[in-house]
Colleague: 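Got a structure for you, questions after.
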Protein chains: 2
Amino acid sequence: MGNTELKKTNQSWAPVRANSVANQIVMQVREALFSGKFQPGDSLGSEKDLAAQFDVSRITVRDALRTLETMGIVEIRVGAGGGARIAESNLDYFSDALAVQFILAGVTKSEILDMQVAIEGTGAELAALHRSSENLEELAELLDDAETVIDSPAEFTEAGQRFHLAVVEASGNRALIAQFRALRYVVWPQNAQRAKREIAENAQKIHHQLYNLIKAQNGNAARKLMIDHLFSIRAVSFSGTAEDAANGMICC
Amino acid sequence: MGNTELKKTNQSWAPVRANSVANQIVMQVREALFSGKFQPGDSLGSEKDLAAQFDVSRITVRDALRTLETMGIVEIRVGAGGGARIAESNLDYFSDALAVQFILAGVTKSEILDMQVAIEGTGAELAALHRSSENLEELAELLDDAETVIDSPAEFTEAGQRFHLAVVEASGNRALIAQFRALRYVVWPQNAQRAKREIAENAQKIHHQLYNLIKAQNGNAARKLMIDHLFSIRAVSFSGTAEDAANGMICC
DNA sequence: TTTAAAAAATGATATAACAATTAGAACACT
DNA sequence: AGTGTTCTAATTGTTATATCATTTTTTAAA
C-alpha cells in the first residue's frame with residue numbers, strides 16, 4: 001500500500017501502533033472522506049475486495065473496517081451485495097463518544113449543566129430567528145401533549161424534554177442539535193422523573209412563554225428565558241433539601 | 001403521554017449485527033464502565049486472556065478490542081505486561097468523532113460558527129467567573145507572545161487561537177473545553193492564515209479587552225465582547241469581497 | 001551502576017475453513 | 001402476469017493454527 005503518510009494534524013493519535021497496516025487503511029479512507037472523495041452511500045467493496053486492493057489479509061481489512069465502523073465512517077452489511085459503504089451521518093455515534101469521554105474524564109453535573117446553558121440558550125435564540133411555521137406547529141403540539149399529562153410526573157418530564165429538543169431543532173443548526181442530543185444522552189439518565197404538580201405547572205408556563213417568544217422572533221428574550229429556566233432547574237437539582245430532593249427535577 | 005410513535009429519527013443502532021459475539025463483548029465492557037465497575041487504568045488482560053475468559057477466538061476478541069479502542073474506552077499496549085486496559089480520557093477521540101459526523105451530515109460553516117458563539121461566549125463568561133490567578137498569568141503571557149509575532153500573519157493567527165483556547169480553559173469546564181477543541185479541529189483547517197497588520201492589531205486590542213474583563217470578573221461583558229468578536233470574524237469570513245478574501249480570517 | 005544482549009510476552013498478519021445471513025435468480029404454481 | 005418458494009452465490013461472522021514483528025522484562029557483562 002502506497003500513500004501511507006498521514007497529514008499534518010493529529011499528532012495526538014496514539015504514537016504507538018499508529019503505523020500498523022490496518023491503521024494505514026483507516027487513515028486512507030478517513031483522508032479520502034475529509035477531502036470530499038467519498039459521499040455517504042459510496043461502496044468500498046467487500047472484505048475480500050479490499051484485501052486484494054490493499055494486498056493484505058482479510059483479517060487486516062477486518063481490523064480496519066471495525067475501526068472505521070466504530071468511527072461511524074462506514075456501515076457494513078452481511079450477505080450478497082453487502083460489504084462496506086460510507087455511512088450516513090448518525091449522531092448516536094458521536095453522542096456515545098461524548099458520553100464515554102465525559103465518564104472517563106469524570107466531568108461533573110455542574111459542568112454539564114453549564115454546557116446545557118450554552119447550547120440551549122443559543123438554541124432558543126436561533127430558534128426564534130430561524131423557526132419555520134412547521135417548527136411552531138410542532139412546538140404547539142408538544143405543549144398540548146404535555147398539558148394532557150401534567151399530572152403524570154414521568155410522562156410530563158418526557159414531554160418537556162421533547163419540547164426542549166424541538167426548540168433546539170427549530171434553530172435549524174445541526175451542530176447544535178448534535179450537541180444537544182449528546183448532552184441529553186449524558187444528562188437524562190440522571191434526571192429524577194418525579195415532581196409536584198405545582199412545579200410541572202410552572203415549567204409548562206415557562207414553556208408557553210418560550211413558545212411565544214420564539215413565535216415573536218424575539219431571540220434575545222428567548223435566550224434569556226431559556227437560561228433562567230435552566231438555572232432554576234439547576235437550583236432545584238443542586239439544593240440538597242429533603243423537599244427539593246423529593247420534588248426532583250422537572251422537565252429539564 | 002399517548003404519543004408513543006417515535007419521530008422519524010432513531011431506528012439507530014443497527015438491528016443487524018448487533019448481537020455478534022464481538023459486539024456482546026463490547027457491550028459488556030461498556031456497561032461495566034458506565035456502571036462504574038471500571039476505572040481508567042484497570043487492566044482487562046491480553047487478547048489471549050480475554051479469549052479464554054469469554055471462550056471465543058482471539059480474532060473475535062480483536063474485533064471487540066478494536067471497537068473499544070476506537071471508542072476510546074480501552075488502550076492497548078504490546079509487549080510483556082501489555083494488553084488492554086481502560087483508557088484515560090482522550091478528547092481527541094471525541095473531537096474526531098464530531099468532525100466525522102459534521103462532514104457526513106454536511107454541516108455548514110455558518111452552523112459551526114453559531115456553535116462557536118455558543119461555546120466561546122459561555123466560555124468567556126465562565127472564565128470571568130472562575131478564572132484562577134494561573135489562568136490570568138497564562139492569558140497575559142499569550143497576549144505578549146501574540147504581540148511579538150503581530151507582523152507574521154500565520155504565527156499571529158496561531159497565537160490568537162491559543163488565546164481563545166486559554167480563555168475557554170479558564171472556565172474550568174471540561175465539557176466546554178472538549179467541545180471547543182472539537183470545534184477547533186473542524187474549523188481551524190478552514191481558517192485563512194493571512195491578515196493585514198491592521199486587522200491583527202484590532203484582534204489584539206480586543207483580546208486585551210477580553211483579558212481585562214476576565215480579570216475584573218465581569219462575566220456578562222466578557223461574553224458579549226467575545227460574541228461580538230466572533231461575529232466580526234464571521235463577517236470577514238462570509239463577505240465575499242476580493243479584499244476581505246485576501247485579508248482572510250484572523251485569529252478566530 | 002550502566003549497558004547490552006537474550007528471552008518472553010504480546011500484538012500484527014496470513015491462510016484456511018466453516019457457519020450464518022442476505023440478495024437475487026430461477027422456478028413452480030396459481 | 002403475478003406471486004410465492006427454493007436454490008444459489010456472495011459476504012460477513014467466527015474459529016483454528018501458524019509465523020512474524022515489536023515491545024518489555026530479565027539476565028549477564030562491563
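Computed from heavy atoms alone, side chains included, the values below leave out hydrogens, waters and symmetry copies. Chain letters run A, B, ... following the sequence lines, proteins first, then strands; residues in each count from 1.
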Colleague: Rounding to an integer number of Å, can you tell me how far B:Arg85 CZ sits from D:dT23 C1'?
Modeller: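 Value for this atom pair: 13 Å.
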Colleague: Please tabulate, one pair per line, each protein N/O and nucleotide N/O from nucleotides 17-22 of chain D that are separated by under 3.5 Å, including the distance.
Modeller:
none

Colleague: Whole angstroms only, please: what is the CZ-P distance between B:Arg66 and D:dG13?
Modeller: 15 Å
Colleague: Just checking, is any N or O donor in the side chain of A:Asp49 or A:Ser46 under 3.5 Å from an acceptor N or O on the other one?
Modeller: yes
Colleague: Quick one: B:Arg62 CZ to D:dG13 C1', roughly how many Å, whole number?
Modeller: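 Result: 16 Å.
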Colleague: Without decimals, in angstroms, what is the distance between A:Leu65 CG and D:dG13 C1'?
Modeller: 13 Å
Colleague: Expressed in angstrom and rounded to an integer, what is the separation of A:Phe54 atom CZ from C:dA12 atom C1'?
Modeller: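 Result: 17 Å.
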Colleague: According to side chain to side chain donor-acceptor pair (under 3.5 Å), who are the partners of B:Thr148, at least two apart in sequence or on a separate chain?
Modeller: none
Colleague: Below 4.0 angstrom, which residues in residues 43-53 of chain B have at least one non-hydrogen atom near DNA chain C?
Modeller: B:Ser46, B:Glu47
Colleague: As a quick check of understanding, evaluate salt bridge (Lys or Arg N to Asp or Glu O under 4.0 Å) for A:Arg62 and A:Glu47, giving each step before the final call.
Modeller: CA-CA 7 Å; A:Arg62 261 186 93 74; A:Glu47 289 183 355; 2.9 Å; yes
Colleague: Between atom CG in A:Asp63 and atom C1' in D:dT12, what is the gap in whole Å?
Modeller: 15 Å
Colleague: In chain order, what residues pass the side-chain contact (heavy atoms from CB on, under 4.5 Å) check against A:Ala32, with sequence neighbours excluded?
Modeller: A:Lys37, A:Phe38
Colleague: When the nearest nucleotide of DNA chain C is assigned to B:Gly81 and to A:Ser57 on a heavy-atom basis, which residue is associated with the more 5' position?
Modeller: B:Gly81
Colleague: Would you mind telling me which of D:dT12, C:dA14, C:dG11 lies closest to the side-chain atoms of A:Ile76?
Modeller: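 Between D:dT12, C:dA14, C:dG11, the one nearest the side chain of A:Ile76 would be D:dT12.
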Colleague: Decide whether a cation-pi geometry holds between B:Arg184 and B:Phe180; the criteria are a distance under 6.0 Å from NZ or CZ to the six-membered ring centre and an angle within 45° of the ring axis.
Modeller: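 Ring-cation test returns no.
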Colleague: In whole Å, what is the span from the CZ atom of B:Arg77 to the C1' atom of C:dG11?
Modeller: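 One finds 14 Å between C1' of C:dG11 and CZ of B:Arg77, rounded.
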Colleague: Will you find, in the side chains of B:Ser57 and B:Thr60, an N or O donor that is under 3.5 Å from an N or O acceptor?
Modeller: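 B:Thr60 and B:Ser57 do have a side-chain donor-acceptor pair below 3.5 Å.
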Colleague: Would you indicate, yes or no, if C:dA12 has its OP1 or OP2 atom less than 4.0 angstrom from a side-chain nitrogen or oxygen of A:Thr60?
Modeller: no
Colleague: Under the side-chain contact (heavy atoms from CB on, under 4.5 Å) rule, collect the residues that match up with B:Ile150, sequence neighbours excluded.
Modeller: B:Glu147, B:Phe156, B:Arg197, B:Ala200, B:Glu201, B:Gln204
Colleague: For the pair B:His207 and B:Phe163, name the ring-plane relationship: parallel under 30°, tilted 30 to 60°, perpendicular over 60°.
Modeller: parallel
Colleague: Could I get the full list of side-chain contact (heavy atoms from CB on, under 4.5 Å) partners for B:Ser43, not counting sequence neighbours?
Modeller: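 side-chain contact (heavy atoms from CB on, under 4.5 Å) check on B:Ser43 returns nothing, list empty.
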